[in-house]
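Some notes on the structure that comes next.
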Amino acid sequence: MSKLVIVGTVAFDAIETPFGKTDKILGGAATFIGLAASQFNLDAAIVSVVGSDFPKEYLNLLSSRNIDISGIEIVKNGKTFFWSGRYHNDMNSRDTLVTELNVLADFNPVVPKDYRDAEVVMLGNLHPMVQLSVLDQMETKPKLVVLDTMNFWMDNALDDLHKVIKKIDVITINDEEARQLTGEYSLVVAARKIQEMGPKYVVIKKGEHGALLFHDDNVFYAPALPLEEVFDPTGAGDTFAGGFAGYIARTEDTSFENMKNAVIYGSTLASFCVEKFGTQRMISLKADEVHKRLQQFKNLTQFEIVLD
Ligand code: AMP
């Protein structure tokens, strides 16, 4: 089993969906990634920053999942990163209403000593210079570096984003962001262009339409599980990334064939995440539920056809 380093926001989120509205609740890219990866009982550590307004019980929740939180800096008198978003009726698109960087604005990440030899690094969504700094602190070359990002950083720190994209193995990105990054409408062309920027593997997430994994001329497609009700898609992308990286860390196999399974795990975990507001569903999720849904996934995509 490999060690996993996760960097990303640990945050307060306020969410509006057609089903309701929340005040500030626990959120953040690293939070969702950590909760997803904790399904694999790994040695995992989160590197992030919060303010002194961040409830201790949220940090305790992460450590109770066997997540090392010694790399989460608590800034005295600082305010925690805050994001607010509103979903459209189709739940596939959303508007960001507020992004307050707060303590993230001058964050210098420190990777805990015990994790500087981690084999898998998950660079979750936050400033690309912070992602780069985490990579620079690794004392041995990781077997796999996965990066997730979003339009906010393309709009505000594109040059820095390109610097980090050059150094990674896998990028997970949603369809609109892949188009924004490359200026290409076709996702096949966009994936090729992103591969030319650095990562050999490109995962394009398409919300309720599943995810595509590209490597050279190979493509693998995993649908999203058709769900009766999607309550809140916040964190689904991060949960996918956490499931993907967690599975690779668990299996210690970075082949394209194994990455297909990682995509399936990521999609399965993301399908739970959207069932309740914020982190609620991921917190209550049990291993046997995951197992059952993986079987449903298999049934959904397997067929026997006789070709003559
Ligand atoms: P997702 O729905 O997977 O795209 O991720 C939503 C999570 O990302 C929320 O919990 C937010 O706190 C967090 N988030 C939103 N905007 C940013 C940003 N610009 N940088 C880092 N994390 C963000």
Side-chain angles (χ1 to χ4, degrees), residues 6-17 22-36 46-51 54 58 62 79-88 91-105 107 109 122-131 134 146-158 160-161 164 171-178 180 203-208 211 224 230-245 266-267 269-283:
I6 299 161
V7 60
T9 42
V10 172
F12 286 131
D13 288 350
I15 303 158
E16 287 178 36
T17 80
T22 65
D23 276 333
K24 287 187 173 181
I25 55 170
L26 171 63
T31 307
F32 284 104
I33 293 168
L35 289 174
I46 290 182
V47 179
S48 192
V49 64
V50 292
F54 197 71
Y58 288 168
L62 295 173
K79 274 180 81 183
T80 300
F81 176 86
F82 172 62
W83 175 81
S84 164
R86 183 190 293 135
Y87 287 86
H88 301 169
M91 294 293 245
N92 243 350
S93 51
R94 71 180 175 207
D95 297 322
T96 288
L97 304 176
V98 183
T99 302
E100 281 176 16
L101 295 180
N102 298 330
V103 289
L104 191 69
F107 173 44
M122 177 68 235
L123 302 174
N125 195 9
L126 44 51
H127 197 297
M129 286 317 274
V130 175
Q131 295 176 318
V134 164
V146 184
L147 175 138
D148 189 70
T149 189
M150 74 186 277
N151 51 359
F152 181 86
W153 301 112
M154 292 175 202
D155 295 337
N156 293 296
L158 186 61
D160 294 334
L161 184 60
V164 64
I171 188 169
T172 67
I173 191 169
N174 78 26
D175 42 5
E176 281 316 311
E177 290 155 357
Q180 180 173 345
V203 179
I204 299 185
K205 300 170 286 185
K206 289 156 56 73
E208 67 167 330
V230 173
F231 210 74
D232 170 21
T234 307
D238 306 310
T239 302
F240 175 93
F244 182 94
S267 302
L269 292 177
S271 77
F272 287 106
C273 176
V274 303
E275 288 180 344
K276 288 197 174 158
F277 263 121
T279 53
Q280 273 178 50
R281 186 64 180 100
M282 294 312 288
I283 289 169

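Reckoned from all heavy atoms, side chains included, excluding hydrogens, waters and symmetry mates. One-based numbering, in listed order, for ligands and for the atoms of each.
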>> Show me which atoms of ligand 1 lie under 4.0 Å from any heavy atom of Ala11.
In response: 12 (O)
> Taking distance alone, with no angle check, do Gly27 and ligand 1 share an N/O pair under 3.5 Å?
Replying inline: no
>> For the residue pair Gln180 / Asp155, report whether a side-chain donor-acceptor contact shorter than 3.5 Å exists.
In response: yes
>> Which residues pass the salt bridge (charged side-chain N to carboxylate O under 4.0 Å, His left out) test with Arg86, not counting sequence neighbours?
In response: Glu16
>> Under 4.0 Å from a heavy atom of Gly237: which atoms of ligand 1 are those, numbered in the order shown and with their elements?
In response: 3 (O)
> Which of the numbered atoms in ligand 1 are below 4.0 angstrom from a heavy atom of Gly235?
Replying inline: 1 (P), 2 (O), 3 (O), 5 (O), 6 (C)
>> If the test is side chain to side chain donor-acceptor pair (under 3.5 Å), which one of Asp238, Asn125, Asp148, Thr149 qualifies with Thr172?
In response: Asp148
> Do ligand 1 and Phe152 have nitrogen or oxygen atoms that lie under 3.5 Å from each other?
Replying inline: no
> Nearest protein heavy atom to atom 22 (N) of ligand 1, by residue and atom, and its distance?
Replying inline: Thr9 OG1, 2.9 Å
> What part of Glu177, side chain, backbone, both or neither, has a heavy atom within less than 4.0 angstrom of ligand 1?
Replying inline: neither
> Looking at ligand 1, does His127 have a heavy atom less than 4.0 Å from it?
Replying inline: no
>> Under 4.0 Å from a heavy atom of Gly28: which atoms of ligand 1 are those, numbered in the order shown and with their elements?
In response: 9 (C), 10 (O), 12 (O)
>> Just to check, does Trp153 reach to within less than 4.0 Å of ligand 1 when the distance is taken from its heavy atoms?
In response: yes
> Would you say Ser267's side chain and Ala224's backbone share a donor-acceptor pair under 3.5 angstrom?
Replying inline: no
> Does Phe81 reach ligand 1, in the sense of a heavy atom lying below 4.0 Å from it?
Replying inline: yes
> Is the backbone N or O of Ile15 less than 3.5 Å from a side-chain atom of Asp13, with the two atoms forming a donor-acceptor pair by type?
Replying inline: no
> Quick one: ring pair (Phe, Tyr, Trp, His ring centres under 6.0 Å) partners of Trp153, sequence neighbours excluded?
Replying inline: His127
> Would you say Thr99 and ligand 1 have an N/O pair spaced under 3.5 Å apart?
Replying inline: no
>> Taking only non-hydrogen atoms of Phe32, do any sit less than 4.0 angstrom from ligand 1?
In response: yes
> Nearest to atom 10 (O) of ligand 1 by heavy atom, Asn125, Asp13, Leu26: which?
Replying inline: Asp13
> Taking heavy atoms and a distance under 4.0 Å, where does Asp238 meet ligand 1: side chain, backbone, both or neither?
Replying inline: both
>> I'd like to know if the side chain of Thr80 and the backbone of Gly51 have a donor-acceptor N/O pair within less than 3.5 Å.
In response: yes
> Relative to the ring of Phe231, is the ring of Phe277 parallel (under 30°), tilted (30 to 60°) or perpendicular (over 60°)?
Replying inline: perpendicular
> For Gly278, does its backbone N or O pair with a side-chain atom of Asp232 as donor and acceptor, under 3.5 Å?
Replying inline: yes
> Is a donor on one side and an acceptor on the other found under 3.5 Å between the side chain of Thr31 and the backbone of Val10?
Replying inline: no
> Is there at least one pair of N or O atoms, one from Arg94 and one from ligand 1, spaced under 3.5 Å apart?
Replying inline: yes
